[in-house]
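Each remark here refers to the structure printed beneath this line.
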2 protein chains.
Amino acid sequence: MELTSTAYVILGMLHWRPRSGYEIKSAVDSSTRFFWAASYSQIYPELKRLEKLGLVEGEAAPQGGRQRRVFKVTAAGRRELRKWLERPAETFELRSEGLLKLFFSESASPERGIELLREQAARHAANVEQLREIESELDKGGYPYLVLRNGIEFNEWASDWYERAARQLARRAKAAA
Amino acid sequence: MELTSTAYVILGMLHWRPRSGYEIKSAVDSSTRFFWAASYSQIYPELKRLEKLGLVEGEAAPQGGRQRRVFKVTAAGRRELRKWLERPAETFELRSEGLLKLFFSESASPERGIELLREQAARHAANVEQLREIESELDKGGYPYLVLRNGIEFNEWASDWYERAARQLARRAKAAA
DNA sequence: AAGGACATGTAACTAGTTACATGATTTG
DNA sequence: CAAATCATGTAACTAGTTACATGTCCTT
């Protein structure tokens with residue numbers, strides 16, 4: 001069975017514990033969104049589809065007068081998740097407007113390249129800060145922690161790389177003047 | 001004026017020299033595609049739109065009986081490109097199925113996590129090889145070369161990180177056994 | 001003669017974002 | 001009592017991919 005990537009995010013999130021659509025979205029927003037996002041308009045229809053396929057099961061769980069449906073993954077759903085995990089990963093996509101601008105920045109003013117590099121360095125440094133805040137809340141040793149470490153170390157590397165490149169360009173510009 | 005990202009790729013590619021839609025696509029495929037892709041079905045309609053806006057100018061340049069239109073960027077187009085380059089970069093998106101699988105791999109067999117890490121390491125190592133082949137063809141010192149170096153060094157870092165993480169998990173599994 | 005590269009485009013589809021719509025509960 | 005959060009969903013739109021359609025030119 002070939003499911004959408006959003007389906008596997010849902011299955012994975014429900015494998016830890018049952019959740020409502022809203023809770024799945026919150027979980028995604030504070031974890032996988034850095035490398036795999038999902039919106040309400042993907043999650044809610046996908047939950048219906050997965051239910052029809054028998055991979056998840058929804059149950060009414062209102063909180064007072066507030067409607068609420070909590071979903072749990074079925075045995076068939078767990079099987080699908082494991083099968084997906086066994087297959088090698090395919091998609092790896094990077095979309096970086098910063099690299100695109102840098103690529104073309106011969107067409108800008110001579111200082112702009114250096115500025116762009118510093119902007120990217122600052123952005124990745126800010127990402128490191130943001131991710132570090134999540135770090136303390138996480139169980140060391142688990143896979144989510146390992147993935148978070150990847151995020152932190154990637155952003156450290158990137159911030160560093162851009163900073164070094166900026167210094168190199170600045171040095172070169174000075175030498176030419 | 002707010003244009004699509006594809007528009008700026010086209011403007012940037014034409015700033016170096018006039019090109020046909022087909023040549024723009026080839027240029028993208030051997031350079032920006034690693035961080036900004038574009039397909040024929042985006043490029044051809046976009047060229048028409050840019051021509052209507054007066055940012056590029058097309059000229060018939062058939063090769064024998066083979067129809068061909070070569071586009072060049074206008075003064076207004078160059079202005080738009082420079083204005084875009086002056087604005088800070090916004091989009092930075094990463095979509096990694098590998099990280100997603102790793103995130104959920106508690107739900108797989110105990111060995112699968114290590115395997116996934118090694119698969120990612122191999123993939124990024126292959127990317128390094130691929131990018132190195134482009135390296136020799138490029139003018140050192142230019143921005144495209146700088147961007148290529150970013151690609152090479154990122155993939156080296158990533159391959160390394162996954163390799164180290166795999167060894168760490170393997171060690172931990174051995175210690176537990 | 002066949003296959004690959006050159007060349008231009010459209011149609012259909014898939015994925016994903018943003019805006020809209022509604023309403024309950026909790027917290028300051 | 002107002003704002004934030006919890007909760008579910010649809011509609012409209014934007015972006016992007018894949019498949020299709022057509023035809024020329026060059027190399028083997």
Side-chain angles (χ1 to χ4, degrees), chain A residues 2-10 13-14 17-30 32-52 56 58-71 90-97 100, chain B residues 1-10 13-14 18-30 32-52 56 58-71 90-97 100:
Chain A
E2 255 310 311
L3 301 172
T4 66
S5 48
T6 308
Y8 294 111
V9 177
I10 292 174
M13 288 296 181
L14 295 183
R17 62 172 184 78
R19 284 173 162 92
S20 66
Y22 184 87
E23 288 169 318
I24 291 170
K25 165 74 167 147
S26 316
V28 165
D29 280 350
S30 61
T32 66
R33 94 172 137 102
F34 297 101
F35 49 90
W36 212 284
S39 60
Y40 287 125
S41 57
Q42 288 173 282
I43 292 169
Y44 286 118
E46 193 62 53
L47 277 169
K48 281 188 184 165
R49 208 173 322 149
L50 290 173
E51 197 172 24
K52 220 170 277 175
V56 306
E59 200 189 346
Q63 284 182 340
R66 190 197 274 161
Q67 67 168 323
R68 187 158 171 269
R69 297 240 304 150
V70 166
F71 294 85
E90 274 158 38
T91 306
F92 180 88
E93 276 165 41
L94 181 70
R95 272 180 99 69
S96 168
E97 208 188 344
L100 190 63
Chain B
M1 198 163 357
E2 256 310 313
L3 301 172
T4 65
S5 47
T6 308
Y8 294 111
V9 178
I10 292 174
M13 289 295 181
L14 295 183
R19 283 173 161 93
S20 67
Y22 184 87
E23 288 169 317
I24 292 170
K25 166 74 168 148
S26 315
V28 165
D29 280 350
S30 62
T32 67
R33 95 171 138 104
F34 298 101
F35 49 90
W36 212 284
S39 60
Y40 288 125
S41 58
Q42 287 173 283
I43 291 169
Y44 286 117
E46 193 62 52
L47 277 169
K48 280 187 185 167
R49 208 173 322 149
L50 290 173
E51 197 173 25
K52 220 171 276 175
V56 305
E59 200 189 345
Q63 284 181 340
R66 190 197 274 162
Q67 66 167 324
R68 186 158 171 268
R69 297 240 304 149
V70 167
F71 294 85
E90 275 159 37
T91 305
F92 180 89
E93 276 164 42
L94 181 70
R95 272 180 98 69
S96 168
E97 208 188 345
L100 190 63

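Order of the sequence lines fixes the chain letters, A, B, ..., with proteins taken first and strands second; residue numbering starts at 1 for each chain. Quick note: numbers below take in every heavy atom, side chains included, and nothing from hydrogens, waters or symmetry partners. Everything numeric here is computed off the predicted structure, so don't read it as measured data.
- Atom CG of A:D29 and atom P of D:dA4 are 18 Å apart (whole Å).
- Rounded to whole Å, atom C1' of D:dT8 lies 14 Å from atom CD1 of A:I10.
- For B:R68 and C:dG9, the CZ to P distance is 13 Å, given to the nearest whole Å.
- A pairwise comparison of heavy atoms in B:G21 and B:L47 identifies CA-CD1, 3.7 Å as the closest pair.
- Note: CZ (B:R69) to C1' (D:dT24) measures 18 Å, nearest angstrom.
- B:S96 meets the side-chain hydrogen bond (donor to acceptor under 3.5 Å, both in side chains) test with no other residue; sequence neighbours excluded.
- Residue B:S20 places none of its side-chain N or O atoms closer than 4.0 Å to OP1 or OP2 of C:dC6.
- Between the side chain of B:E51 and the main chain of B:G58, a donor-acceptor pair closer than 3.5 Å is present.
- In this view, B:E93 satisfies the side-chain hydrogen bond (donor to acceptor under 3.5 Å, both in side chains) rule with no residue, not counting sequence neighbours.
- Annotation: side-chain hydrogen bond (donor to acceptor under 3.5 Å, both in side chains) contacts of A:E97 (sequence neighbours excluded): B:W84.
- Rounded to 10 degrees, the angle between the two end axes of the helix from C:dA1-D:dT28 to C:dG28-D:dC1 is 40°, with five pairs used at each end.
- In this structure, the separation between NZ on B:K48 and CZ on B:R69 is 9.0 Å, given to the nearest 0.5 Å.
- To the nearest angstrom, P of D:dC26 lies 14 Å from OH of B:Y22.
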Each nucleotide of nucleotides 21-28 of chain C classed B (base within 4.0 Å of a protein heavy atom), S (only sugar-phosphate) or -, in 5' to 3' order, makes --BBB---

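- Atom pair A:E23:CD and D:dT5:P shows a separation of 16 Å (rounding to whole Å applied).
- Near DNA chain C, meaning a heavy atom under 4.0 Å from it, residues 32-46 of chain B has B:Y40, B:S41, B:Y44 in order of number.
- If you check every strand for non-hydrogen atoms under 4.0 Å, B:K25 touches nothing.
- A side-chain donor from one of A:Q42 and A:T6 sits under 3.5 Å from a side-chain acceptor of the other.
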